[in-house]
Visitor: 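Okay, here's the structure, questions in a sec.
For reference, positions follow the sequence shown, starting with 1. Bear in mind that the values here come from a model prediction, so they are computed numbers and not experimental data. What you see below is based on every heavy atom in this structure, not just the backbone, and it leaves out hydrogens, waters and symmetry mates.
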Amino acid sequence: MSEPLVLSWSGGKDSAWALTALRADPTVEVVGLVATVAEPFDRIAMHGVRRELAQAQARAAGLALELVPLPHPCPNETYERAMRDWAARARAQGVRAVAFGDLFLADVRAYRERLFAGTGLAPRFPLWGRDTAALAREMIGQGLRAILACVDPRRVPADWAGRSYDAALLAELPAGVDPCAENGEFHTFAYAGPMYEGEIAVRVAGTVVRDGFVYAELLPAS
């Protein structure tokens, strides 16, 4: 019997590709998505993507999306309490695992494992250990389309916010920048790919600077 699993959803390329990998694994069944939302902004935490766009992604993926509200700023103990409360609800509904799109940061993986210890949800990492240069080429080559939703201007050019994540961008990455941005160099919004039925219509309506990061203002396209 396959293991009922919920995928932690940022809306970016790695969580989207993790969905593709999980669906190819007969030992698990993806039964939903979960995302944290910064309540004052009604946006996905860190990526800054609007709630309605995350919901459009979930519809295109054919999965229910549960949104966990967080204050802003959010102390870590508040985040952990909210996630453990969500884990208790998910466990009661028959979920047995939670998956993440993490690639190689051992401290991040260890933190997630500690966070979910004792909850009854086993952490899964379907992309763990993949070579990120090869993974980036694979995602793009197999049809994933994404926009840079947030960039760290200390690592990549500020005007990359709103740019497509594609082969041309990979060719221009500054030295030391991970091809999948696993070190937080940028974050993406995945709007098309094999994980979806159809493409999510989205447009870039300028950029904003907040807390030292540059965000693309992404809106549903009419």
Visitor: For residues Ile200 and Ala190, report the shortest heavy-atom separation together with the two atoms involved.
Guide: CD1-O, 4.1 Å
Visitor: Run the side chain to side chain donor-acceptor pair (under 3.5 Å) test on Glu138 and Trp17 for me, step by step, so that the C-alpha distance in whole Å, both residues' side-chain angles and the decisive distance to 0.1 Å come before the verdict.
Guide: CA-CA 10 Å; Glu138 176 185 307; Trp17 206 250; 3.0 Å; yes
Visitor: Would you call Arg81-Glu77 a salt bridge at under 4.0 Å N-O?
Guide: no
Visitor: Taking the side chain from Glu113 and the backbone from Pro123, do they hold a donor-acceptor pair closer than 3.5 Å?
Guide: no
Visitor: Should Val30 and Val68 be regarded as members of a common hydrophobic cluster, given that ILVMFWY residues are connected when their side-chain heavy atoms come within less than 4.5 Å of each other, either directly or indirectly?
Guide: no
Visitor: Do Glu39 and Arg51 pass the salt bridge (charged side-chain N to carboxylate O under 4.0 Å, His left out) test, and can you show the C-alpha distance, the side-chain angles, and the key distance before you say yes or no?
Guide: CA-CA 10 Å; Glu39 278 197 294; Arg51 175 198 294 257; over 6 Å; no
Visitor: Could you walk me through whether Trp86 and Leu121 pass the side-chain contact (heavy atoms from CB on, under 4.5 Å) test, one step at a time?
Guide: CA-CA 11 Å; Trp86 167 78; Leu121 300 187; 3.7 Å; yes
Visitor: Determine the minimum heavy-atom distance between Asp14 and Gly101, stating which atoms define it.
Guide: CB-O, 3.7 Å
Visitor: About how many Å separate CG of Leu22 and CG of Leu127, when rounded to the nearest 0.5 Å?
Guide: 7.5 Å
Visitor: How close do Phe186 and Leu173 get, heavy atom to heavy atom, and via which atoms?
Guide: CE2-CD2, 4.2 Å
Visitor: Drop me the distance from Cys180's SG to Asp131's CG, to the nearest 0.5 angstrom.
Guide: 8.5 Å
Visitor: Are the side chains of Pro220 and Glu52 in contact, using a 4.5 Å heavy-atom criterion?
Guide: yes
Visitor: If I compare all heavy atoms of Leu115 with all of Tyr79, which pair ends up nearest, and what's the gap?
Guide: CD2-CE2, 4.0 Å
Visitor: Is Val209 reachable from Leu218 through a run of I, L, V, M, F, W or Y residues, each pair having side-chain heavy atoms under 4.5 Å apart?
Guide: yes
Visitor: With rounding to the nearest 0.5 Å, note down the distance linking CE in Met139 to OH in Tyr165.
Guide: 4.5 Å
Visitor: With side-chain contact (heavy atoms from CB on, under 4.5 Å) as the criterion, how do Leu63 and Leu19 come out once you've worked through the C-alpha distance, each side chain's angles and the decisive distance to 0.1 Å?
Guide: CA-CA 11 Å; Leu63 292 167; Leu19 177 56; 3.9 Å; yes
Visitor: Would Asn76 and Tyr111 count as a side-chain contact (heavy atoms from CB on, under 4.5 Å) if you check the C-alpha gap in whole Å, the side-chain angles of each, and the deciding distance to 0.1 Å?
Guide: CA-CA 12 Å; Asn76 197 55; Tyr111 173 77; 3.3 Å; yes
Visitor: What I'd like to find out is whether the side chain of Met83 reaches to under 4.5 Å of the side chain of Phe116, using heavy atoms alone.
Guide: yes
Visitor: Are Phe125 and Leu33 connected in a single hydrophobic cluster, I mean Ile/Leu/Val/Met/Phe/Trp/Tyr linked by side-chain heavy atoms less than 4.5 Å apart?
Guide: no
Visitor: Can you find a pair of side-chain heavy atoms, one from Trp160 and one from Glu172, that are under 4.5 Å apart?
Guide: yes
Visitor: Does Asn183 reach the main-chain N or O of Glu185 with its side chain, forming a donor-acceptor pair under 3.5 Å?
Guide: no
Visitor: State the CD1-CG distance between Ile147 and Asp166, to the nearest 0.5 angstrom.
Guide: 11.0 Å
Visitor: Please report the interatomic distance CD(Glu80) to CG(Asp85), rounded to the nearest 0.5 Å.
Guide: 12.0 Å
Visitor: Less than 4.5 Å apart, any side-chain heavy atom of Val204 and any of Phe189?
Guide: no
Visitor: When you measure from the side chain of Arg145 to the backbone N and O of Ile140, does any donor-acceptor pair fall under 3.5 Å?
Guide: yes
Visitor: Taking side chain as C-beta onward, heavy atoms only, is Glu182 less than 4.5 Å from Leu105?
Guide: yes
Visitor: For Arg130 and Leu135, indicate whether the former's side chain and the latter's backbone hold a donor-acceptor pair under 3.5 Å.
Guide: no
Visitor: State whether the side chain of Thr188 and the backbone N or O of Lys13 hold a donor-acceptor pair below 3.5 Å, judged by distance alone.
Guide: yes
Visitor: Applying side-chain contact (heavy atoms from CB on, under 4.5 Å) to Leu70 and Val37, what does each step give before you reach the verdict?
Guide: CA-CA 6 Å; Leu70 298 175; Val37 177; over 6 Å; no
Visitor: Taking the side chain as every heavy atom from C-beta outward, state whether Asp25 and Pro126 have any atom pair closer than 4.5 Å.
Guide: no
Visitor: How about Arg50 and Asp42: do any of their side-chain heavy atoms sit closer than 4.5 Å?
Guide: no
Visitor: Indicate yes or no for a side-chain donor-acceptor contact from Arg124 to the backbone of Phe100 under 3.5 Å, with no hydrogens or angles considered.
Guide: no
Visitor: Please confirm whether the backbone N or O of Met195 pairs with a side-chain atom of Arg23, one donor and one acceptor, at under 3.5 Å?
Guide: yes
Visitor: Does any N or O in the side chain of Ser10 come within less than 3.5 Å of the main-chain N or O of Gly12, such that one atom is a donor and the other an acceptor?
Guide: yes
Visitor: I'd like to know if Glu217 and Arg210 make a salt bridge, using a cut-off of under 4.0 Å between side-chain N and carboxylate O.
Guide: no
Visitor: Would you say Arg59 and Tyr196 make side-chain contact, with heavy atoms under 4.5 Å?
Guide: no
Visitor: Tell me the closest heavy-atom pair linking Pro157 and Val151, and the distance in Å.
Guide: O-CG2, 4.0 Å
Visitor: Can you tell me how far apart NE2 (His187) and SG (Cys150) are? Round to the nearest 0.5 Å.
Guide: 5.0 Å
Visitor: How close do Leu7 and Ser15 get, counting heavy atoms only, and between which atoms?
Guide: CD2-O, 3.4 Å
